[in-house]
Asker: 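Got a structure for you, questions after.
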Protein chains: 2
Amino acid sequence: MATKTEIRRQELRDKLILIAERTIAQKGLSALRARDLANEAGCAVGAIYNVFGDLTDLTLAVNARTFHRLGADVAEALADAPDDPVEQLVVMAQAYHQFAAQNHLSWRALFDIERAPGEAAPDWYLQEMGRLFVYISDPLAVIFPNRDAEELALLTRALFSSVHGIVLLGLDEASAGVSSENIDRMIALILRQFAANPE
Amino acid sequence: MATKTEIRRQELRDKLILIAERTIAQKGLSALRARDLANEAGCAVGAIYNVFGDLTDLTLAVNARTFHRLGADVAEALADAPDDPVEQLVVMAQAYHQFAAQNHLSWRALFDIERAPGEAAPDWYLQEMGRLFVYISDPLAVIFPNRDAEELALLTRALFSSVHGIVLLGLDEASAGVSSENIDRMIALILRQFAANPE
DNA sequence: TCTATCATTGAACTGCGTTCATTGAGATGA
DNA sequence: TCATCTCAATGAACGCAGTTCAATGATAGA
């Protein structure tokens, strides 16, 4: 039962996510304000807390969508990639870069979110992460056929982290950012040099 | 002139930096509070603003010290490193990791600080960064004698960013952190594999 | 239609960084 | 030494966040 109420709550939930998504994309996570949100959604500030525990919960909902779009972009790039496993890694990493560049503030919100100490990341986060890792470990297994599963898992994580670091510091304008072209060159340099002459 | 006052201001400045440094190291940047600071320093809240423009300025002063300690640690590790340039890279990267792990919250504060959009990083930041980059580019030039200066600069930045990414995600407990030993293994994997068989 | 229930509301609360009128200490000249 | 001026130090008050909760109003069942 309680259909009327439940429908309204669901609609408010969706509306808030869309507004928060737009706000974060355009002005960044730090511009997300409860009162502005309520204004735009045409509801009371308190209503937000009927639907989300707090603003962090709302941000997590936005981040889930962002992460999902990111995963889809990488998957699409992989689908169009050549057969060569090294090139697949390069294409995916550059797709990751492109997504981060074109959705900079939303992408930053994935990592800038305040997390209670000791609390684990939500399930969807680990799942999307795992999805990305599989994209990486598959070509890696072809490139390094002699490494065991544990080493491959470590390599996978290491490569993802490396590309993430290159994109993160490259897009950080404050510390003398790097041109988009040079970020792609760094990614290609690292991955090609890394995958050259496997044992 | 104004000796009495200037001395007091300098003493307060130093005292505030020490207190903020301890607070950040023990409880993180987000636990830095103006009123607590004033309490511990035995001064009024307003006094903080006679000495620092705002709390971000104070945090920058703490970060400058942290960054300097980081540079010193890496330099010390390099001094004790073997002659082999690849091993030098590994030793430095693991020193970077060790510093980040042992000074986790202080190290996070280096990057978590809120920066006004469009504002460049302060000079000391770029200088310390450049210092770290020289440590990396020197061994790289030995490993890759055929690359020109621009490529070496890109490689340097790429390697630093990669190691930074590995440490950053590895130390992030929320996303299923990695053991200290495995972080070192990832660093060694990436760097050794990267430097193997240069053209 | 009436009423008990529960969702919704927004003023109020808390806690933060920052400001500024007031206070008081220190420097200067007689 | 004392009077006076200058400017540093003070902390109550301000503005602005997120969040709460007593009062209100809508909903659903009889």
Side-chain angles (χ1 to χ4, degrees), chain A residues 1-17 19-24 26-63 105 109 112-117 119, chain B residues 1-17 19-24 26-63 105 109 112-117 119:
Chain A
M1 294 305 136
T3 45
K4 259 304 197 3
T5 293
E6 275 180 8
I7 287 173
R8 198 170 30 195
R9 281 170 75 102
Q10 188 57 48
E11 282 175 355
L12 180 60
R13 204 186 141 82
D14 293 347
K15 198 193 282 188
L16 286 173
I17 290 177
I19 294 171
E21 195 167 34
R22 186 162 47 74
T23 304
I24 291 174
Q26 289 176 356
K27 304 183 196 168
L29 180 56
S30 63
L32 200 67
R33 235 135 280 187
R35 283 167 182 80
D36 295 351
L37 222 42
N39 257 342
E40 285 198 63
C43 70
V45 275
I48 297 172
Y49 295 87
N50 294 334
V51 173
F52 293 99
D54 54 24
L55 289 194
T56 298
D57 280 0
L58 171 54
T59 303
L60 281 174
V62 172
N63 280 354
L105 295 175
D112 287 349
I113 194 167
E114 191 123 355
R115 278 171 303 197
E119 190 167 351
Chain B
M1 293 302 141
T3 44
K4 260 295 193 18
T5 292
E6 274 180 10
I7 287 173
R8 196 169 33 192
R9 280 171 74 101
Q10 188 58 47
E11 280 176 356
L12 180 60
R13 204 186 141 83
D14 293 346
K15 198 193 282 186
L16 286 173
I17 290 177
I19 294 170
E21 195 167 35
R22 184 163 46 74
T23 303
I24 290 174
Q26 289 175 358
K27 305 183 195 167
L29 180 55
S30 64
L32 199 66
R33 236 135 283 193
R35 284 167 182 79
D36 294 352
L37 222 43
N39 256 341
E40 285 199 63
C43 69
V45 273
I48 298 171
Y49 296 87
N50 293 335
V51 173
F52 292 100
D54 54 25
L55 288 194
T56 298
D57 281 0
L58 171 54
T59 304
L60 281 174
V62 172
N63 279 355
L105 294 175
D112 287 349
I113 193 166
E114 189 123 356
R115 277 170 305 195
E119 193 168 348

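Chain A is the first sequence line, chain B the second, and so forth, proteins listed ahead of strands; every chain is numbered from 1.
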Asker: For the residue pair B/E114 and A/S30, establish whether any side-chain heavy-atom pair is separated by less than 4.5 Å.
Answerer: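 Yes, their side chains come closer than 4.5 Å.
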
Asker: Quick check on contacts: within residues 28-37 of chain A, what sits under 4.0 Å from DNA chain D by heavy-atom distance?
Answerer: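 The stretch gives A/L32, A/R33, A/A34, A/R35 as the residues lying under 4.0 Å from the strand, ordered by number.
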
Asker: C/dA7 P sits how many Å from A/Y49 OH, rounded?
Answerer: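 Roughly 19 Å, once rounded to whole Å.
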
Asker: State which residues pass side-chain contact (heavy atoms from CB on, under 4.5 Å) with B/E11; sequence neighbours excluded, sorted by chain then number.
Answerer: B/I7

Asker: Are any of the side-chain heavy atoms of B/L58 and B/V51 separated by less than 4.5 Å?
Answerer: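 A side-chain contact under 4.5 Å is absent here.
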
Asker: Taking atom CD as the centre, does B/Q26 end up with more than 12 heavy-atom neighbours from other residues, nucleotides or ligands that are less than 6.0 angstrom away?
Answerer: yes

Asker: Atom CG of B/L58 to atom P of C/dT18: distance rounded to whole Å?
Answerer: 10 Å

Asker: Would you find a donor on one side and an acceptor on the other, under 3.5 Å apart, between the side chain of A/R13 and the backbone of A/I48?
Answerer: no

Asker: For the helix from C/dT1-D/dA30 to C/dA30-D/dT1, measure the angle between the helix axis at one end and the axis at the other, each built from five pairs, rounding to 10°.
Answerer: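 Overall, the helix from C/dT1-D/dA30 to C/dA30-D/dT1 bends by 10° from one end axis to the other.
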
Asker: Indicate yes or no: at least one non-hydrogen side-chain atom of B/I17 is less than 4.5 angstrom from one of B/F52.
Answerer: yes

Asker: To the nearest angstrom, how far is B/D57 atom CG from C/dG17 atom P?
Answerer: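 Interatomic distance, CG of B/D57 to P of C/dG17: 14 Å.
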
Asker: Using side-chain heavy atoms (C-beta onward) and a distance below 4.5 Å, is B/L37 in contact with B/V45?
Answerer: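 They are not in contact (no side-chain heavy atoms under 4.5 Å apart), so the answer is no.
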
Asker: Of A/R33, A/R22, A/R35, which is the lone residue that meets salt bridge (Lys or Arg N to Asp or Glu O under 4.0 Å) with A/E40?
Answerer: A/R22

Asker: Rounded to the Å, how far apart are A/I48 CD1 and D/dC21 C1'?
Answerer: 16 Å

Asker: Name all residues meeting the side-chain contact (heavy atoms from CB on, under 4.5 Å) criterion together with A/D54; count only those two or more places apart in sequence or in a different chain, and write none if there are none.
Answerer: A/Y49, A/T56, A/D57

Asker: Under the side-chain contact (heavy atoms from CB on, under 4.5 Å) rule, collect the residues that match up with B/L105, sequence neighbours excluded.
Answerer: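 Here no residue qualifies.
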
Asker: Quickly work out the B/L55 CG to C/dG17 P distance and round it to whole Å.
Answerer: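 For the pair B/L55 CG and C/dG17 P, the rounded distance is 5 Å.
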
Asker: Starting at atom CZ of B/F52, determine the distance to atom P of C/dT18, rounded to an integer number of angstrom.
Answerer: 13 Å

Asker: If we ignore hydrogens and angles and just use 3.5 Å, is the side chain of A/N63 paired with the main-chain N or O of A/A109 as donor and acceptor?
Answerer: yes

Asker: What protein N or O atoms touch nucleotides 5-10 of chain D N or O atoms at under 3.5 angstrom, if any, and at what distances?
Answerer:
residue, atom, partner, partner atom, Å
D/dT10, OP2, B/A44, N, 3.4

Asker: Figure out the CG/P separation between A/L16 and C/dT8, and round it to whole Å.
Answerer: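 So the CG-P distance, A/L16 to C/dT8, works out to 12 Å.
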
Asker: Round to a whole Å and report the spacing from CD1 of A/I7 to P of C/dA7.
Answerer: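 Going from CD1 in A/I7 over to P in C/dA7 covers 15 Å.
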
